[in-house]
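Take a look at the structure below.
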Amino acid sequence: MSNSATPSKKAAFGSVFSDKMIVAEYKDGQWSPGKITDVAPLQLHPAAHVLHYASTCFEGMKAFKMANGEVKIFRLDRHIARMAQSASLLHLPIPSPQELESMIREVVETNKADIPEPPGALYLRPTLIGTEANIGAAGAPSGEALFYVLVSPVGDYFSGSTKGLTIAIEDQEMRSTPGFGKAKTGGNYASALRHVMRAKKENQADQVLFCPGGDVQETGAANFFLIDDNRIMTKPLDASFLHGVTRDSIINLARSMGYEIIEKDFTVDELLEWIQHGEAALSGTAAMLSGVGQFILHGETHPVGNGEVGPNTQKLREALLAIQSGKAEDQFAWLK
Ligand SMILES: Cc1ncc(COP(=O)(O)O)c(C=O)c1O
C-alpha cells in the first residue's frame with residue numbers, strides 16, 4: 001500500500017491506496033488494452049477537456065474477501081451499467097462492458113493482498129476523464145480519454161458507533177439539475193459542496209438532504225430511506241438523483257424480509273411526520289446503511305427516536321453485510 005497505515009477504523013475513507021492501478025487510453029477512435037501501472041501522478045495537458053469542461057465520471061464499488069479466500073465484487077454489472085450511462089450523458093467514450101469488467105477484475109487480482117477482512121473491503125474507483133487538449137471544445141466532446149481504476153482498502157467505519165447522523169435539510173435548492181442527477185460526475189459533487197459546507201458550519205451537520213421545493217431526493221453522497229417495523233419508503237427513480245446500487249439492494253433485501261416497499265415522491269412534511277414513530281437512513285456503497293439521529297430544518301432540530309441508529313436500520317444493514325461478506329446465502333446472485 002502506498003500509505004503505511006493499515007485500513008484501520010482511523011484511516012479516513014479513501015485516503016489509503018494500493019500500489020497498483022490499471023489504465024487504458026482512448027485515442028484515434030480506439031481504446032488501448034488495460035495496463036497495470038504504479039499509482040503515480042497523471043500526465044495531463046493543462047488544456048485537457050476535463051480540467052475546463054468537467055468531462056469526468058466515476059464509480060464506487062467494493063470487492064470482498066470470502067472466508068475461503070475467494071474475492072467477489074458486489075453488483076459489478078450494475079456499476080458498469082451505471083458508468084456507461086454516466087459516460088453517455090457526458091458524451092465520453094468508454095470501453096465496452098466486457099473490457100471494463102476484465103480491467104476491474106485484473107486490478108482487484110493484482111491488489112488482492114490488500115483486501116481486509118469483512119466488513120472491510122477493497123473500494124474500487126473506476127474513473128473516466130476527457131483528456132483532449134482543446135480549450136475551444138466547450139461545446140464539443142473530448143476526442144481523447146483516459147480510463148483508470150484506483151483501489152483503496154477500507155475498514156469498518158461503524159464498529160462501536162450507534163449514534164445517528166445529523167442531517168441538514170435543504171428545502172429550496174437541488175443538488176444537481178432535474179436531468180443530470182443520475183450521472184455520477186464530479187460536477188454534481190462540486191455543485192452540492194457549498195450547501196454541505198454551510199450545513200457543517202452553521203449546524204455541525206454530517207450531510208445535507210436535498211429537498212428542492214419540499215421534494216425529498218438524496219443527500220450529497222447517498223440515497224435516502226424512511227423505515228419502520230413494516231415498511232420502507234424512498235423516492236422512485238427519476239433523472240434528478242443518483243440511482244444507487246445500495247438503494248436497489250436494500251429494496252430487494254427488505255422485500256425478501258417481509259417489509260412493504262413504498263417507492264413514491266414524498267415531502268419534508270411527510271418526513272417530519274414519519275420520524276415521530278419511524279427511522280430514517282442513508283444508503284450508499286461506502287457506508288451501506290447509516291441511521292439518521294436528527295434532522296435540522298431552518299435551524300430547528302428534529303430528533304429521530306432517541307438519536308441512535310434504529311433497530312430496523314441495523315437489521316437491514318446487517319442483512320446486507322451478511323450477503324456481501326458471504327456469511328448469508330447470496331439469494332440474488334449479487335456477488336460475482
Ligand atoms: C449522490 C449519491 N447518491 C447516492 C449514492 C449511493 O449510490 P451507491 O449505493 O451506488 O453507492 C452515492 C454514492 O455513490 C452518491 O454519491
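Note that ligands are numbered from 1 as they come in the structure, with each ligand's atoms numbered from 1 the same way.
In this model, a donor atom of one side chain and an acceptor atom of the other lie less than 3.5 Å apart for E70 and N68. Between the side chains of R75 and S249, at least one donor N or O sits under 3.5 Å from an acceptor N or O.
Residues I275 and H302 meet the side-chain proximity criterion, which asks for heavy atoms closer than 4.5 Å.
Y189 carries R175 over the face of its six-membered ring, with the cationic atom under 6.0 Å from the centre and within 45° of the normal.
Looking at E59, its side chain never comes within 3.5 Å of a backbone N or O of I80 through a donor-acceptor pair.
Ligand 1 lies within reach of R175, whose nearest heavy atom is under 4.0 Å from it. Proximity of R78 to ligand 1 is not established, as no heavy-atom distance is less than 4.0 Å.
For a threshold of 3.5 Å applied to N or O pairs, the pair formed by T285 and ligand 1 contains at least one separation below that value.
With a 4.0 Å cut-off on non-hydrogen atoms, A286 does not touch ligand 1 at all. Contacts between Y189 and ligand 1 below 4.0 angstrom, taking non-hydrogen atoms only, involve the side chain exclusively. Under 4.0 angstrom from ligand 1, there are no non-hydrogen atoms of H243.
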Inset, instruction - Kindly indicate, with the supporting measurements, whether the criterion side chain to side chain donor-acceptor pair (under 3.5 Å) is fulfilled by H49 and E132. - result: CA-CA 5 Å; H49 199 275; E132 184 178 333; over 6 Å; no
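Here the shortest heavy-atom distance to atom 4 (C) of ligand 1, taken over A222, G244, G284, G220, belongs to A222.
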